Amino acid sequence: MSHHEMTAEEVSHHVRTYLKVFGALLVLTVITVGVFYLHLPIVGAVVVALIVASIKGSLVACYFMHLISERGLIYWILALCALFFVVLLLLPVITDHEAVGTVTH
Amino acid sequence: MSAAVAIPHDMEPHPVTGMYNGKFGLWLFLASEVMLFGALFSSYVLLRMGAPEGTWPKHGAEILNVPLATFNTVVLITSSVTMVMAWAALKMNNIARGQLFLTVTFLLAGAFLVVKYFEYSEKFNHFEVWLKEPMVVDGNSVSSIRGHLAKDCPPLTKETHIRAFAIPEFILLDPDAPAGSKEHPPTLRIDGGNIRRISDFGPAHSTFLATYFTLTGLHGLHIIGGMVVILYFMLTGSRFAQKRPDKYADRIECTGLYWHFVDLVWIFLFPVLYLL
Amino acid sequence: MQAPMHYGRWLPPLLSEHGSQIDHLIDVLHVFMGVLFVGWGIFFLYCLTKYRQRPGHTARYEPVKGTVSKYAEIGVGAFEAFLLVGLSMPVWSAYKNDPPAPAERFEVRVVAEQFQWNFHYPGKDGKFGPTRADLISASNPVGLVETDPAASDDIVSVNEFHLPVGRDIYVRLTTKDVIHSFAIPTMRVKQDAIPGMEIPIWFKVKEDAKSEAIRERMTQVFPMRKANWYRLRHHIATQDYKDKDGQVLLARGQDLGATYEAGQELLEKLEKAGVTELSMQPRNPLEVICAQLCGNSHFKMKAQMVTHDDAGFAAWVEEKSKVIEFDDF
Amino acid sequence: MSKHDTHADHHHEELPFWRKYIFSVDHKVIGVQYTITALVFLMFGFALMMIMRWQLAYPGQPIPFIGKYLGDTIALDGILSGDGYNAFGAMHGTIMVFLAIVPLGVGGFGNYVLPLQIGAPDMAFPRLNMASYWIYLPGGIIMLASFFMPGGAANSGWTSYAPLSVIATTGQTMWLLGMVFLITSSLLGSVNFIVTAVQLRAKGLSFFRLPFFVWAQLVTSFLLLLAFPPLEAAAVLQLMDRVAGTSFFMPTGLVVSGVEQAHLSGGGSPLLWQHLFWFLAHPEVYVLILPALGIISEIIATNTRKPLWGYKSLVYSAIFLGFMSFIVWAHHMFMTGMGTTLSTFFQATTMIISVPSVIILTCLIISLYGASIRFTVPMLFALSFLPMFAIGGLTGLPLGLTASDIHLHDTYYVIGHFHYVVAPGTIFAVFAGIYHWFPKVTGRMMNSTLGRLHWFFSFIFINGVFMPMLFQGMAGILRRQYDQSEQLHGASAQGLSVMVSWSAWLLFVAQIPFIINFFWSIWKGQKVGANPWEATTLEWAAPSPPPHGNFDTVPVVYCGPYEYSVPGKKTDFCPQHVVA
């Protein structure tokens, strides 16, 4: 029930957090684009881009979506979702790596 | 609603999940959205790994417009902040301020779509022609040429059954300026007999652009969906908020969850499509 | 005289070397499934009779205690593990991992299309000529670059798969349009043909499995009541059948006709003429079929498989190579 | 804690007909809508198959009675065409899976029974629930409308493998659109189910006091929620291939009908479609069977008059089954050129997933031990479900092992196997459920004699349909063959095809007593009270039929779901809402 009875002070505290997160997101966006113009080798570029995107995504999920202050079952459900998401992402790896045939084109 | 049945935990959080029904439901919906975009990301990786030599750009920026997309990223992030600010204002019972932030969110979303429109339309006016026999352009022998159709070029027709441009008798093409130069090579006349394939930079151009249009298009549809909901609350929200402020704040919280997710998807789409 | 052989309602005849392991696994599995099913079934029927509702009988609240079910479940799991590790995996890895050495194998390119099988042989020089998609036409189904020296003696055979017995056959499978599946039931061979990919598959036809011999072994005598056109449409008679006037109704080497109506009519005539049984054998005892839906004529997509001994095969290659040279003139 | 006493004084103003029965937000009305619509689709899917069975039994012969009304695309001169056959086959599969069985098990039974069983006044989101139905129905109509498109309905199999489906006629586009609707409907439904089952449970109804049916629905909803989106993604990609000229599933260098497809950008992967499709479609198998197992469990507990044996193992098995179903999908693709490591992984997971299925079946059979079995009509269906489901499960083994799959893949053995799971399996469970909950829905019993007739002949003929298929498959007869006798070894099993076809037609005749019984009982059936089966779970605490808002007084739960024949009690059942 707590979040239904949030005090004005709590809310303004929240607002300060939002603005900080906003600043961080802008900085990270600049970093993403800046790194691109460095023209790193592909592996490095992918790693950096995905790390920065993950940080940004986590900030949005944790603070804007309040995931950090949630509790209980939802973590388990999202963990399950994340697990199957990983399975999905393995799909290209297994298809590519394991095919017996050779690509003809 | 008539003959309404009071549903438990419509407002108060359930001890097991710590959420009221709507919020829990929305999180579940977002979980399924993760799987939807996950499958598309996965397809992107698979197609890129298996792409035949030379058919995938080194990175998206070769074809796509990075400054515009960066601008759009900032727009979307800002709209996420204004969304969460709207909720915070409503929590403080400041309805007018809440509605104002909601309106700003809506306008930012609109700005995102306008920019997207310019990005898209640029692609549909830009062409690539693949040749059967190489031609000399600007001193280099090339087997495909990119450029814009010259003003007096006969219009292209689409062959519906193959969903692609029919090979015309001939075309007049203004080739793109070579990298690092502003000078366009002179207009070329290309004979239909030497054209293997002709395509605009739309989805049919290459699997990279197909992925780009599918992913950003689907994301755009999510934006439009979100805008419809936000617009609904912009128009009806004040009355709702007067009557049941708590419930209205919950609605805006759920709308916000969805909106942040749309933002989150873009945060990944931007580097993956434009920069890698 | 070898034992008779025919297509029935259990596994088809087995004519490849590796197939016996597959059949063995299928047999073991079905015994296992039978034991489980009968075991369950006996217990099930016992419960149904013993514990039916009747006056004076009440159900027991306390759950039955016992470890039988637990051990049974563990047993099932363990046996499945054995099937997996002991029987299935070795076959598959031989099937996929151990291609015959390039020097010893006989290679064929198989190019599937809607709705035919194209077999591309390297010819006498043992070299495949190059192919190109834009050269494909009705008369050049694999798009062979005919000007290339390696291509000059290549053989392209449509819907006829000739191969030698007792040699390692190495098929390089591909398709021009949609997904097909290269299946030979008698060889226990099945492999999807995926557009854009070339997938190898290999097998060895048993020494004694020449088409001619198999056809003889598949000779069967059908009583008239079992003789229906659908059943016999791919069979030919092994002797002449005449009516009372001595006129031949069904000649040796002839089939029942191309349509159901014609076939049934002929069968009626034969019956009227007092024929009580028909001795028939398949025209083409071995077939390559398509196992993956590929369009409206998918069911007709089949190739005749002709197995020769080495000499017979060499003669076939000789003959075919000549035909191409003749065409060139 | 929740205090939903307010619904006792819900407004009793009369709703207009269309709000009450058409755009209703009441989960019970929506459940009935789903059931009836899905039964109609079920009959339609069955009708398609009965026509196909004519072609299989008597290839190339004109279809009697209806052949001349089917139109030239489907049946020229009354003879089913190859394209017509393929369209019927693809639509039979799609209709049965997505328009009939899932909507029956989840949309129908889940909607009606789940809120009642957890003591809730309705679903968590009643209007969303209504939306699910009203997205499902247009999806179904789009599917059926595709028969009227030029070239007919989708004809690339219910699996719609690319590139065949990409170059197919317009019907395929309709199929994809229809799928997008159906998937959306399922997603909304699954969100609603999970929230309802988690948040709306009555006081005292802890997770381990939930009836197994609710558990089955909960696991099913998670499968729908997380497995369906990849297919939605795949459908979008295939739509792009068909409508926008992209090449997601079209590799470079295709030559279709002798014409080089140079206008394609190429570079796509046909196997991508299969992966995305089966990533959904294997969990989908459990979406089909889990609600059925839930129904069967309820009926077995009620009619054995004793608690289910191994309730907790059942629950854990169902959860494990659901989890594992996400990592077995590629066993449908062993023949696509898969290497050893990957195939080993997938056949291992396939063997592992068979263990919880064995546990569930064993629990249900052992539940009979020490029982007092009432052979009511629902129980007859439930009991005959068990051995047939066992056959379905066991025949999965030879298909799950790569080596034996080489011979059996894409043969009638596969058809026999999965139909034993979903037809004698799930459909029998659905019938059991209809007979079981009919008195709750209408306040009247269905006729027992007609019910027994229906059961007996259905049982005989459904085995007559599917048992011979296993033998045909063993002989190597391939599925999706317009004329099996075209192949030499197919001709040898032609006799069995005739037998299968006649069984199928007689199976249809066996449904007539059911249809009569169903409608007759709605108006003329024997009136019964709230709990005619003397069952324990909460739905029987509500009046029959339950009013809007379900319960007269808010139920509170005091014990587990299956307290039958508790020693020392006057009756042989202790309802969950009665203080022990």
Side-chain angles (χ1 to χ4, degrees), chain C residues 7 9-12 22 25-26 29 33 37 40 44 47 51-53 57-61 63-64 69 73 76-77 80 83-84 88-89 91-93 96-97 133-134 136 138 176-179 185 188 190-192 194-196 199 230-231 233-234 260 282 287 289 291 293 296-297 299-300 302, chain D residues 60 82-83 157 161 163-164 251 253-256 260 270 305-306 309 335-337 340 343-344 347 351 355 358-359 362 365-366 368-374 390 394 397-398 401-404 406-407 409-410 471 474-476 478 480-483 485-489 491-492 494 565-567:
Chain C
Y7 291 103
R9 284 171 193 169
W10 199 246
L11 291 164
I22 294 176
L25 175 60
I26 291 180
L29 267 167
M33 286 151 63
F37 187 71
W40 263 335
F44 181 63
C47 289
Y51 300 112
R52 67 186 190 280
Q53 192 178 53
H57 173 76
T58 50
R60 205 160 55 212
Y61 176 76
V64 48
S69 72
E73 278 157 8
V76 168
E80 283 177 3
L83 288 173
L84 174 69
S88 181
M89 276 161 53
V91 181
W92 188 259
S93 79
K96 291 285 166 191
N97 276 3
D134 58 336
I136 288 173
K176 292 197 270 188
D177 39 39
V178 302
I179 298 178
R188 308 293 188 266
K190 195 173 282 162
Q191 172 61 53
D192 286 1
I194 311 286
I199 302 172
Y230 292 121
R231 179 78 178 81
R233 61 189 289 192
H234 301 298
Y260 172 76
E287 287 170 346
I289 53 181
L293 181 66
N296 58 13
S297 301
F299 71 106
K300 278 196 280 200
K302 56 173 186 173
Chain D
D83 277 328
Y161 276 9
L164 181 64
L254 285 192
V255 180
V256 179
E260 195 194 2
R305 315 306 295 163
K306 68 187 279 290
W309 191 84
M335 295 304 130
T336 56
T340 323
S343 70
T344 302
Q347 56 181 332
M351 290 302 113
V355 174
V358 170
I359 293 177
T362 309
I365 289 185
I366 295 183
L368 302 175
Y369 191 86
S372 171
I373 302 170
R374 300 190 308 206
L394 288 172
L397 291 176
L401 290 169
T402 46
S404 37
I406 294 169
H407 177 61
H409 193 88
D410 272 331
F471 290 91
M474 197 55 99
L478 298 174
R480 293 169 170 174
Q481 299 282 317
Y482 167 72
D483 179 354
S485 74
E486 178 66 36
Q487 283 151 15
L488 180 65
H489 67 294
S492 69
Q494 189 64 25
S565 302
V566 183

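As the structure is a prediction and not an experimental result, all values here were calculated from the model. Lettering of chains follows the sequences in order, A, B, ..., and the numbering in each one begins at 1.
- Contact count versus chain C (heavy atoms, under 4.5 Å) is highest, among Tyr482(D), Tyr369(D), Tyr161(D), Phe471(D), for Tyr369(D).
- With respect to chain C, the highest number of heavy-atom pairs below 4.5 Å among Ala390(D), Gly370(D), Ser565(D), Pro163(D) belongs to Gly370(D).
- For chain D, the nearby parts of Leu293(C) are the backbone and the side chain; heavy atoms of each come within less than 4.5 Å.
- Closest heavy-atom contact between Arg231(C) and Ala491(D): CD-O, 3.6 Å.
- Note: Glu486(D) leads Arg480(D), Glu486(D), Gln481(D) in heavy-atom pairs under 4.5 Å with chain C.
- Chain C forms the most heavy-atom pairs under 4.5 Å with one residue out of Met474(D), Arg374(D), His409(D), and that residue is Met474(D).
- Contacts of Ile179(C) with chain D are made by both backbone and side-chain atoms, with heavy-atom separations under 4.5 Å.
- Here the shortest heavy-atom pairing between Asp134(C) and Glu260(D) reads CB-OE1, 3.4 Å.
- Each of Leu25(C), Leu83(C), Val91(C) was compared with Ser404(D) under the side chain to side chain contact (heavy atoms under 4.5 Å, CB included) criterion, and only Leu25(C) meets it.
- Using a 4.5 Å cut-off between heavy atoms, Arg233(C) contacts chain D through its side chain alone, with no backbone atom that close.
- Between the side chains of Ser372(D) and Thr58(C), no donor-acceptor pair is found at a separation under 3.5 Å.
- The residue among Val76(C), Ile194(C), Asp192(C), Val178(C) with the most heavy atom pairs within less than 4.5 Å of chain D is Asp192(C).
- Side-chain N or O atoms of His234(C) include one that pairs as donor or acceptor with a backbone N or O of Ser485(D) at under 3.5 Å.
- Note that CG of Leu394(D) and CG of Leu29(C) are 10.0 Å apart. Values are rounded to the nearest 0.5 Å.
- Contact count against chain D (heavy-atom pairs under 4.5 Å) is highest for Glu73(C) among Arg52(C), Met89(C), Glu73(C).
- In this structure, His489(D) and Ile289(C) have side chains that are in contact, with non-hydrogen atoms separated by less than 4.5 Å.
- Only the side chain of Gln494(D) comes within less than 4.5 Å of a heavy atom in chain C; its backbone stays farther off.
- Comparing Ser69(C), Gly77(C), Ser93(C) by how many heavy-atom pairs each has under 4.5 Å with chain D, the most go to Ser69(C).
- The choice from Ala133(C), Ser297(C), Ala138(C) that makes the most heavy-atom pairs within less than 4.5 Å of chain D is Ala133(C).
- In this structure, the side chains of Pro398(D) and Met33(C) come closer than 4.5 Å at one or more pairs of heavy atoms.
- Looking only at distances, no side-chain donor or acceptor of Lys190(C) sits under 3.5 Å from a matching main-chain atom of Asp410(D).
- Looking only at side-chain heavy atoms (C-beta outward), Leu368(D) and Tyr51(C) stay at 4.5 Å or farther from each other.
- A donor-acceptor pair is defined here as one N or O able to donate and one able to accept, closer than 3.5 Å; such a pair exists between the side chain of Glu287(C) and the backbone of Leu488(D).
- The OG1 atom of Thr344(D) sits 12.0 Å away from the NZ atom of Lys96(C) when rounded to the nearest 0.5 Å.
- Contact detail for Ala475(D) and Pro12(C): the closest heavy-atom pair is O-CG, 3.5 Å.
- Of all non-hydrogen atoms in Pro270(D) and Pro195(C), the two that sit nearest each other are CG-O, 3.8 Å.
- Annotation for Cys47(C) and Ile373(D): closest pair O-CD1, 3.7 Å, computed over non-hydrogen atoms.
- Rounding to the nearest 0.5 Å gives a distance of 5.0 Å between NE2 of His407(D) and CG of Leu11(C).
- Here CZ of Phe299(C) is found 13.0 Å from CG of Leu478(D). Values are rounded to the nearest 0.5 Å.
- Here the CG atom belonging to Asn97(C) is positioned 3.0 Å from the OG1 atom belonging to Thr340(D), to the nearest 0.5 angstrom.
- Among Tyr7(C), Tyr61(C), Tyr260(C), the residue with the largest count of heavy-atom pairs under 4.5 Å with chain D is Tyr61(C).
- Contacts between Lys300(C) and chain D at a heavy-atom distance below 4.5 Å involve backbone atoms as well as side-chain atoms.
- In terms of heavy-atom pairs under 4.5 Å with chain D, the best-connected choice from Ile136(C), Asn296(C), Ile26(C) is Asn296(C).
- Between chain C and the options Leu254(D), Val255(D), Val355(D), the largest number of non-hydrogen pairs under 4.5 Å is found for Val255(D).
- With a threshold of 4.5 angstrom between heavy atoms, Ala291(C) approaches chain D through its backbone and through its side chain.
- Between chain C and the residues Arg305(D), Gln347(D), Lys306(D), the largest count of heavy-atom pairs under 4.5 Å involves Gln347(D).
- Contact between Met335(D) and Trp92(C) at its shortest, heavy atoms only, is CE-CZ3, 4.0 Å.
- Rounded to the nearest 0.5 Å, atoms CG (Leu401(D)) and CD1 (Ile22(C)) are 12.0 Å apart.
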